[in-house]
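I have placed the structure first, in the form of C-alpha cells, so that the comments after it can refer back to it.
The chains referred to below are lettered A, B, ... by the order of the sequence lines, with proteins before strands, and numbering in each begins at 1. Just so you know, these numbers use all the heavy atoms, side chains as well, and skip hydrogens, waters and symmetry mates.
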Amino acid sequence: MTIDIKKELNDKQYLAAAQVNGPLLIIAGAGSGKTRMITYRIAHMLENGIHQSNILALTFTNKAAREMEERVKTLTNRKLTNLTVSTFHAFGVKILKESISHLDYNDNFSIYDQTDKISAIKEAARELNISPDVLDIYEVSNLFSSIKTGRQKWSERNNSFKPLYEEYQEYLYNHNSVDFDDLIILPVKLLTEYPDILNGYQLKYQYIMVDEFQDTSLAQYKMIKQLATENRNVCVVGDDDQSIYSWRGANYQNIINFETDFPELTEIKLEQNYRSTKNILSAANSLIANNTNRKEKELWTGIGHGKSIELYYPENETREADFISEMIKSFYLRNNLKYHDFGVLIRTNNLSTLIENSFLTENIPYKVSGGTSFFQRKEIKDIIAYLRVLDNPDDDVNFLRILNTPRRGLGKATLLKIREISKNKGCSLYAAAAELRWTGDSPLSNKVQSSLQEFIDMIEEYKEMLQDEEIKKFKTIKDLIETINYWGYLIVEHQKNEKLAKWKYKNISIFMELFEKWEKNTDSKDKKLGTYLNRITLLTRDDDEDSDEGQVNLMTIHASKGLEFEYVFLAGVENNIIPHARSIEENPDNIEEERRLFYVAITRAKQKLFMTSCKTRKIGYEIVDTGPSPFLSEIPKELIEFHTPAEDVNDDEAMGYFAKMKNKFNSKDH
DNA sequence: GTAAGGCCCGTTTTT
DNA sequence: CGGGCCTTAC
C-alpha cells in the first residue's frame with residue numbers, strides 16, 4: 001500500500017514531509033496539522049526504504065510520544081517495533097542504560113525525581129553540617145539545576161552553594177543515582193568524550209525529528225546537534241508562540257542556534273489552521289501580536305466565524321466550578337457531544353480541586369492529567385522505594401524512606417548509628433545497616449537489634465525472590481506489601497480518616513495492576529525491575545491508553561499543549577492567576593511567556609471557548625477580590641460575549657450552599 | 001529512643 | 001484543610 005502524501009497534505013505540509021534529507025526547520029502554528037505532517041513524513045520515509053531503526057523522533061511528553069507512535073502505526077499498518085519515538089528524558093535513559101559504565105556508574109542506577117532530589121540535597125547538607133533550615137531548599141534545587149545544565153554560572157552571588165553542590169553530586173555518584181538533569185547532561189557528556197559512542201549513535205540514528213522544538217533546553221539542543229551533525233538529516237518542528245517552558249531551561253534561542261549550526265537548512269512555515277473557528281483564531285492572533293519577541297506569522301483558517309467566545313464572571317470559585325459543570329451537562333445533552341469533547345483548562349494545579357468536586361457531585365466522568373502524578377503519591381512512592389532498594393541497595397534516599405515505614409521502631413538514634421558506620425566505611429546506608437545487624441556487642445537495644453535484623457533479612461529474602469526468573473515479580477511484590485503490613489500502617493496513620501486509608505490502599509492495588517499488566521505484556525522484552533522503575537519515574541500522568549473516551553479532560557494549560565477539544569473552558573481568567581503573580585514577581589519580562597500560555601489555552605478550542613473570571617476567590621485562608629486578567633483587554637471586544645454578573649445566587653441555591661457549609665462545619669467540629 | 005499531638009505554612013507551570 | 005517539622009509524652 002502506498003500513501004499519497006501529496007493528496008493528503010497541503011502544499012506546505014507536503015514540502016515538509018517530502019524533504020527527508022538535510023536540515024529542516026518547520027515553524028508550525030497552533031492547529032496547523034503539525035502532527036499530521038510529522039506522521040506522514042515518517043510514513044513517507046519508511047516507504048522510501050529508510051529503515052525504521054534509523055529513525056529517531058523526539059518529543060516532549062510521554063503522551064505525545066505515544067500518540068505519534070500510534071498514529072504512524074495506524075497509518076502504515078505496520079508494527080514498527082524498532083522505531084524510536086521517545087521523550088528526551090526517556091531517550092537519555094536509553095543511552096545511559098547502554099553506556100553509563102564509561103562514567104563509572106552501574107547500569108542499575110536510580111533516577112531521583114524532584115522529591116528525591118530535595119531529600120538528597122538535605123542529606124548532602126547534613127554531611128556538611130549545614131542546617132537545612134538556613135537553606136531555601138527549593139531555590140537551591142533550582143540553582144543546582146541551572147548550574148548543571150549550564151544555564152547559570154557560579155558567581156559571587158551563589159558561590160557559597162558550590163561546596164553543597166559538589167557534595168550533592170558526590171552523593172548522587174556514591175549512590176549510583178542520577179537526577180532528571182543528568183538524564184540529558186550525562187548522555188551529552190558521553191557523546192562528547194567518547195567518539196566511539198557518538199559514532200555508534202550517529203550510525204544508528206540517521207534521521208532525526210524533534211517535535212515541540214521551542215521547548216528544548218540548551219542541553220537538549222546540544223544532544224540533537226551532536227547526533228545530527230554528521231548526517232545532517234534533522235527536522236525540527238516548533239512554534240515560538242507556544243514556548244511555555246522557559247522556566248525549565250527551554251530556549252527560544254535554539255531556533256536561532258539551529259539556523260547558525262545548519263545554515264543550509266530549509267525553512268517552512270505552516271500557517272493554515274485546521275482547528276479553530278475564525279472567532280477563536282482572531283482572538284488568539286490579536287492577543288499574541290502584543291508579544292515583541294516572536295517570528296512574524298499570521299494564522300488563518302478556512303473555517304467559518306463560528307460561535308462567539310463567552311466570558312462569565314462567577315461570584316467565587318465554587319460558583320465557577322458549578323457553572324462549568326452545569327454548562328458541560330447541558331451541552332452534553334443538547335449538542336450531541338461526548339464528554340471527551342470538553343477540555344477544562346487551568347493555570348495551576350490547585351484550581352482543580354473544586355472543579356473536581358463539582359464533577360463528582362454532578363456525576364460527570366472526568367480525567368485529570370498533570371497535577372500530582374499518580375506515581376508521586378506518598379503510598380505509591382513508599383512501595384516504589386522498597387522496590388528501588390531491592391534493585392539498587394546503594395540508593396540511600398529510598399532506603400531512608402523505607403527504614404521506618406511502616407514504623408518498626410527504627411528511629412533517629414538507630415539511623416544515626418547506621419550513618420556513622422556508613423561514613424566510616426564509605427559504604428551505603430543499606431550496607432551499614434546490614435553490618436550493624438550482625439555486630440555482636442551491638443550499641444543497639446535488643447528490641448531495636450532484632451527489628452533491624454528482621455528488616456534486613458526480609459529485604460535480602462525478597463531480593464533473592466526477585467532474582468528468580470521463575471517467580472512472577474508481581475506475586476513477589478504483592479507478597480512484600482503484605483509482609484510489611486502496609487495496610488495496617490495506613491489504618492494507624494489515618495485513624496480518623498478511614499476513607500483516606502482505603503483510597504490509598506486502592507491506589508496501591510491500581511499500581512499493582514499496572515505492574516502486572518507490564519509484566520504480562522509480551523511486548524516488553526526487558527522485564528527487569530529497574531527498567532520498570534525508571535520508566536515510571538518519567539511518567540507524570542497515569543497513561544491509561546483507552547480511558548480517554550467519554551471523560552471530560554481537566555488539566556493545566558501546560559499539559560494541554562498539543563491537544564484540542566471541541567469545547568474549551570478556561571477557568572480562573574484573573575489577574576495574578578494568568579499572568580501568574582509569582583511569575584511576574586520573579587521577572588516582569590515573563591509577561592510574554594504568560595501571554596503565550598494564554599495563547600496556547602485559547603488555541604486548544606475548536607468550536608467554542610468559555611472563559612470564567614471570578615469576582616472573589618479564596619486564596620489560602622482569606623477571600624480576596626480578584627480582577628479580570630489584563631489579557632482579556634487584548635482581545636477585540638466584538639469577539640467576546642460578556643455575561644455581566646447580573647444573576648445573583650437564587651434562594652434555593654443559597655440555601656443549598658449554606659446547608660453544605662453547615663454540614664461541613666459540623667462534621668469537622670465533632 | 002520512639003511515637004503521637006501541636007504548630008506553622010502554603011512550591012506556577014513538568015521531565 | 002492537610003502535610004511537614006518540632007516538641008512533648010510515654
Side-chain angles (χ1 to χ4, degrees), chain A residues 58-65 86-93 111-115 117-119 122 132-133 136-139 141-142 145 149 179-184 212 215-217 219-220 243-250 345-351 353 369-373 375-376 378 404 406-417 443-445 447-448 451 492-497 500 534-541 555-561 572 576-586 590 593-594 596-597 600-601 618-622 664-665 667-668:
Chain A
L58 293 170
T59 65
F60 214 60
T61 61
N62 296 294
K63 192 170 188 159
S86 161
T87 64
F88 273 96
H89 287 83
F91 184 64
V93 173
I111 301 172
Y112 284 173
D113 68 12
Q114 206 79 350
T115 329
K117 181 182 175 186
I118 297 233
S119 326
K122 280 185 187 163
D133 32 288
D136 180 341
I137 202 84
Y138 193 69
E139 212 169 280
S141 166
N142 284 338
S145 191
T149 55
D179 63 20
F180 278 166
D181 298 319
D182 287 326
L183 295 181
I184 308 299
E212 307 284 8
D215 287 328
T216 50
S217 67
Q220 287 166 332
S243 161
I244 52 176
Y245 284 95
S246 72
W247 49 275
R248 204 174 82 179
L345 307 185
I346 47 185
R347 170 71 238 262
T348 61
N349 284 306
N350 62 356
L351 298 180
T353 3
S369 9
T372 325
S373 141
F375 298 104
Q376 314 265 64
K378 187 187 175 301
N404 202 28
R407 299 184 195 285
R408 50 175 73 86
L410 304 174
K412 258 193 298 203
T414 314
L415 181 58
L416 202 69
K417 298 218 173 70
L444 307 170
S445 72
K447 209 174 124 208
V448 171
S451 174
V492 176
E493 293 296 301
H494 305 285
Q495 284 165 13
K496 281 163 276 176
N497 197 343
L500 185 67
N534 283 345
R535 197 178 82 94
I536 59 175
T537 313
L538 295 174
L539 291 181
T540 32
R541 327 165 213 289
M555 67 186 83
T556 63
I557 300 173
H558 282 88
S560 77
K561 206 171 54 145
N576 293 333
I577 292 185
I578 183 160
H580 200 277
R582 262 197 133 90
S583 158
I584 301 302
E585 209 175 280
E586 201 176 78
N590 285 341
E593 176 144 328
E594 294 290 315
R596 287 192 293 269
L597 259 175
V600 168
K618 200 152 77 182
I619 293 174
Y621 239 112
E622 55 188 335
K664 225 172 179 178
F665 202 75
S667 64
K668 287 290 168 307

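- In this structure, A/Thr556 reaches the B/dT14 phosphate: one of its side-chain N or O atoms is under 4.0 Å from OP1 or OP2.
- One interatomic measurement links the two molecules: CZ of A/Arg347 to C1' of B/dT14, which rounds to 12 Å at whole-angstrom precision.
- Contacts of A/Arg582 classified as salt bridge (charged side-chain N to carboxylate O under 4.0 Å, His left out), with partners at least two apart in sequence or in another chain: none.
- Spacing between atom CZ of A/Arg248 and atom C1' of B/dT13 amounts to 9 Å, rounded to whole angstrom units.
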Query raised in the report: What is the per-nucleotide protein-contact pattern of nucleotides 2-9 of chain B, from the 5' end, where B denotes a base atom under 4.0 Å from a protein heavy atom, S denotes such proximity for sugar-phosphate atoms only, and - denotes neither?
Result: SSS-----

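- A close approach under 4.0 Å does not occur between any side-chain nitrogen or oxygen of A/Asn349 and OP1 or OP2 of B/dT11.
- Aromatic stacking is not marked for A/Trp247 over B/dT12, as the cut-offs of 5.5 Å for the centres and 30° for the planes do not both hold.
- We find the CD-NZ distance between A/Glu493 and A/Lys378 to be 7.0 Å, quoted to the nearest 0.5 Å.
- Between the side chains of A/Ser145 and A/Asp181, at least one donor-acceptor pair of N or O atoms lies under 3.5 Å.
- Following rounding to the nearest Å, A/Ile137 (CD1) and C/dC5 (P) show an atom-to-atom distance of 10 Å.
- In this structure, A/Lys618 atom NZ and B/dG10 atom P are separated by 18 Å, rounded to whole Å.
- Residue A/Lys122 places at least one side-chain N or O under 4.0 Å from the OP1 or OP2 atom of C/dC5.
- Residue-level contact check: A/Glu593 touches neither bases nor backbone, having no heavy atom under 4.0 Å from any strand.
- By the side chain to side chain donor-acceptor pair (under 3.5 Å) test, A/Glu586 pairs with no residue at all, sequence neighbours left out.
- Shown here are the side chain to side chain donor-acceptor pair (under 3.5 Å) partners of A/Asn350, two or more places apart in sequence or in another chain: A/Thr348.
- Counting any heavy atom pair closer than 4.0 Å across all strands shown, A/Tyr245 reaches sugar-phosphate atoms only and no base atom.
- Taking atom NE2 of A/His580 as the reference point, atom P of B/dT14 lies 12 Å away to the nearest angstrom.
- Every residue two or more places apart in sequence or in another chain that forms a side chain to side chain donor-acceptor pair (under 3.5 Å) with A/Asp179 is listed here: A/Lys148, A/Tyr168.
- Listed by chain and residue number, A/Lys34, A/Gln214, A/Lys561 satisfy the side chain to side chain donor-acceptor pair (under 3.5 Å) test with A/Glu212 (two or more places apart in sequence, or in another chain).
- Between the P atom of B/dT14 and the CD atom of A/Glu212 lies a distance of 14 Å, rounded to the nearest Å.
- Separating the CG atom of A/Leu597 from the C1' atom of B/dT12 is a distance of 9 Å, rounded to the nearest angstrom.
- Remark: the separation of the C1' atoms in B/dT11 and C/dG2 is 15 Å, to the nearest Å.
- Taking atom NZ of residue A/Lys378 and atom P of nucleotide C/dC5, one finds them 12 Å apart after rounding to whole Å.
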